[in-house]
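Numbers for residues simply follow the sequence, beginning at 1.
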Amino acid sequence: MNPLLQNTLIVCLILGYAGMEFATRRYQDTVRASRNDTWLEGLMFVSLLAVAQPTALLGSNALCTWLLPEQRNALADWPWWAMVGVLLVADDMTQYWWHRLSHTPLLWPLHRAHHSARYMSIRITYRNNFFYYLLMPGLWLSGVLLYLGFGAVYLVYVVVKIGVILGAHCAWRWDEVLYRHAALRPLAWIVERTISTPATHWAHHAMSDRDGVGHYKGNFGNLLFVWDLIFGSAHITRRYPPEVGLVDDKLFGDEHWTAQMFYPLVRSQRKHTALRPGGKPYVEAEREPA
């Protein structure tokens, strides 16, 4: 696979999921995005493509060229399945732990923006703080693996991962059909324990965990849900939370997109906020990340 084909497939995935959101009217009926949301989501998507990803991949390549000049393409002869296995650990498992650590007070401000959306849609997939992706270990490690010769396999891997992540956030709940028909439930059992699905990932975005569906302290997996099973953070209900988002935003109003995107360079102006210096949340109003 070449980069042009990869980008074409990614665009097709985005358009396909977006088309299903509209065709099923899930977007029109459930997504209530403000101008503040649009600025945050649009600029974060652009900054990921134009700044964070190139900085991590090119930066790691430069470091490898300096520190490991003789190792360029040293692993290019590995079989594809071995490369996939290494990528799943170096990229996807490390992203699981980065995501999980981002639900602790120290790193919560870098991830809070992802949970402040009061709707689920592919448009929130990369809604985060600017520094969340810039510091993501998996991106830097992927750059090292590209230097070592994983390029062709990485292009395919990224397409598959983006397809799963978009699907997990999509307003169109594609996994519902697996739960609705008895004949498909054995397949559902396998799928929901292998990759992130709308049911498992929406639970992670729930506004509350009191209904038995919400599970904001787990379901951290991005491509593979297997990591949640292995590390004890899985919660599978085959149901969807009635509300997503953050309680303190509902009570006190949304944080401005600049504070969400550029913290700590831009600080919150809100009196009651979960975006305080040091990341300590407003625990009485908003669930406390842990």
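Between Trp189 and Arg238 there is a side-chain heavy-atom pair separated by less than 4.5 Å. You'll find the side chain of Ile236 reaches within 4.5 Å of the side chain of Thr200, heavy atoms only. Side chains of Leu155 and Pro3 form a contact here, defined as non-hydrogen atoms less than 4.5 Å apart. Trp257 has its side chain within reach of Leu43: a pair of non-hydrogen atoms, C-beta onward, lies under 4.5 Å apart. Within the 4.5 Å cutoff, the side chain of Arg112 has heavy atoms near those of the Asp249 side chain. Annotation: side chain of His111 is in contact with side chain of Tyr132 (closest heavy-atom distance under 4.5 Å). Within the 4.5 Å cutoff, no side-chain heavy atoms of Trp202 are placed close to those of Val213. With a 4.5 Å cut-off on side-chain heavy atoms, His169 and His205 count as touching.
Looking at Asp175, its side chain never comes within 3.5 Å of a backbone N or O of Glu192 through a donor-acceptor pair. In this structure, Arg173 contributes its side chain and Tyr240 its backbone to no donor-acceptor pair below 3.5 Å. No donor-acceptor distance shorter than 3.5 angstrom exists from the side chain of His181 to the backbone of Ala183, with no hydrogens or angles considered.
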Practice item. Might you work through the side chain to side chain contact (heavy atoms under 4.5 Å, CB included) test for Asp209 and Lys217, ending with a clear yes or no? Key: CA-CA 9 Å; Asp209 65 348; Lys217 294 183 179 180; 5.8 Å; no

Practice item. Apply side chain to side chain contact (heavy atoms under 4.5 Å, CB included) to the pair Trp108 and His103, showing each step before the final yes or no. Key: CA-CA 5 Å; Trp108 174 243; His103 279 256; 3.7 Å; yes

Review point. Stepwise, does the side chain to side chain contact (heavy atoms under 4.5 Å, CB included) test hold for Met120 with Thr30?
Key: CA-CA 8 Å; Met120 296 298 293; Thr30 65; over 6 Å; no

**Study point:** Test log, rule side chain to side chain contact (heavy atoms under 4.5 Å, CB included), inputs Trp174 and Thr197
**Key:** CA-CA 8 Å; Trp174 59 264; Thr197 63; 3.8 Å; yes

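Nearest heavy-atom pair across Asn222 and Ser196 is O-OG, 3.0 Å. Here the shortest heavy-atom pairing between Pro54 and Val51 reads CD-O, 3.4 Å. Closest approach of Pro137 and Thr94 over heavy atoms only: C-OG1, 4.5 Å. Across all non-hydrogen atoms, the minimal contact from Pro242 to Asp211 is CD-OD2, 3.0 Å. Closest non-hydrogen pair, Thr125 versus Ile165, comes out as CG2-CG2, 3.3 Å. Shortest non-hydrogen contact noted between Met261 and Asn129 is O-ND2, 3.1 Å.
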Contacts under 3.5 angstrom, residues 62-70 side chains, donor-acceptor by atom type, not counting sequence neighbours:
| from | atom 1 | to | atom 2 | distance (Å) |
| --- | --- | --- | --- | --- |
| Thr65 | OG1 | Asn61 | O | 2.8 |
| Thr65 | OG1 | Arg72 | NH2 | 2.9 |

Please table the atom pairs, donor to acceptor, closer than 3.5 Å between any side-chain atom in residues 12-23 and protein atoms at least two apart or in another chain.
| from | atom 1 | to | atom 2 | distance (Å) |
| --- | --- | --- | --- | --- |
| Tyr17 | OH | Gly163 | O | 2.9 |
| Glu21 | OE1 | Ser121 | OG | 3.1 |
| Glu21 | OE2 | Ser121 | OG | 3.2 |
| Glu21 | OE2 | Ile122 | N | 3.0 |
| Glu21 | OE2 | Ala171 | N | 2.8 |

Would you give me the side-chain donor-acceptor pairs under 3.5 Å for residues 224-234, sequence neighbours excluded?
| from | atom 1 | to | atom 2 | distance (Å) |
| --- | --- | --- | --- | --- |
| Trp227 | NE1 | Asp92 | OD2 | 2.8 |
| Asp228 | OD1 | Asn219 | N | 3.1 |
| Asp228 | OD1 | Phe220 | N | 2.8 |
| Asp228 | OD1 | Ser233 | OG | 2.6 |
| Asp228 | OD2 | Phe220 | N | 3.3 |
| Asp228 | OD2 | Gly221 | N | 2.8 |
| Ser233 | OG | Tyr96 | OH | 2.6 |

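When the salt bridge (charged side-chain N to carboxylate O under 4.0 Å, His left out) test is applied to Arg127, the partners found at least two apart in sequence or on another chain are Asp37, Glu41. Partners of Tyr154 by ring pair (Phe, Tyr, Trp, His ring centres under 6.0 Å), not counting sequence neighbours: none found. Under the side-chain contact (heavy atoms from CB on, under 4.5 Å) criterion, Leu9 pairs with Met1, Leu5, Val159, sequence neighbours left out.
Ring geometry for His235 versus His215: interplanar angle of 30 to 60°, hence tilted.
The number of heavy-atom neighbours closer than 6.0 Å to CG of Asp77, taken from other residues, nucleotides and ligands shown, is 12 or below. Few gaps surround CH2 on Trp97; more than 12 heavy atoms of other groups in view lie less than 6.0 Å from it. Within a 6.0 Å sphere centred on CZ of Arg32, other residues, nucleotides and ligands contribute more than 12 heavy atoms. More than 12 heavy atoms of other residues, nucleotides or ligands shown are found within 6.0 angstrom of CZ on Arg180.
No continuous path of ILVMFWY side-chain contacts below 4.5 Å connects Leu48 to Leu141, so the two sit in separate hydrophobic clusters. Following chains of ILVMFWY side-chain contacts shorter than 4.5 Å, one can reach Leu223 starting from Val89, so the two form part of one hydrophobic cluster. Two different hydrophobic clusters hold Trp140 and Leu58 under the rule that ILVMFWY side chains link at heavy-atom gaps under 4.5 Å. Linking ILVMFWY side-chain heavy atoms closer than 4.5 Å, directly or via other members, places Leu135 and Leu265 in a single hydrophobic cluster. Linking ILVMFWY side-chain heavy atoms closer than 4.5 Å, directly or via other members, places Trp172 and Val11 in two distinct hydrophobic clusters.
The structure places NE2 of His256 at 5.5 Å from CG of Asn36, a figure rounded to the nearest 0.5 Å. The structure places CG of Asp91 at 8.5 Å from CE of Met136, a figure rounded to the nearest 0.5 Å. For the atom pair OH (Tyr157) and CD1 (Ile162), the distance works out to 10.5 Å, reported to the nearest 0.5 Å. Note that the CG atom of Leu145 and the CG atom of Leu75 stand 8.0 Å from one another [nearest 0.5 Å]. Rounding to the nearest 0.5 angstrom, the gap separating the OH atom in Tyr263 from the OG1 atom in Thr258 is 13.5 Å. Between the OG atom in Ser47 and the CG atom in Leu134 there is a gap of 9.0 Å [rounded to 0.5 Å].
For the residue pair Asn128/Tyr133, the side-chain donor-acceptor check at 3.5 Å is satisfied. Residues Gln260 and Ser116 have side chains that bring a donor and an acceptor to within less than 3.5 angstrom of each other.
Ring centers of His204 and His114: at least 6.0 Å apart, outside the cut-off.
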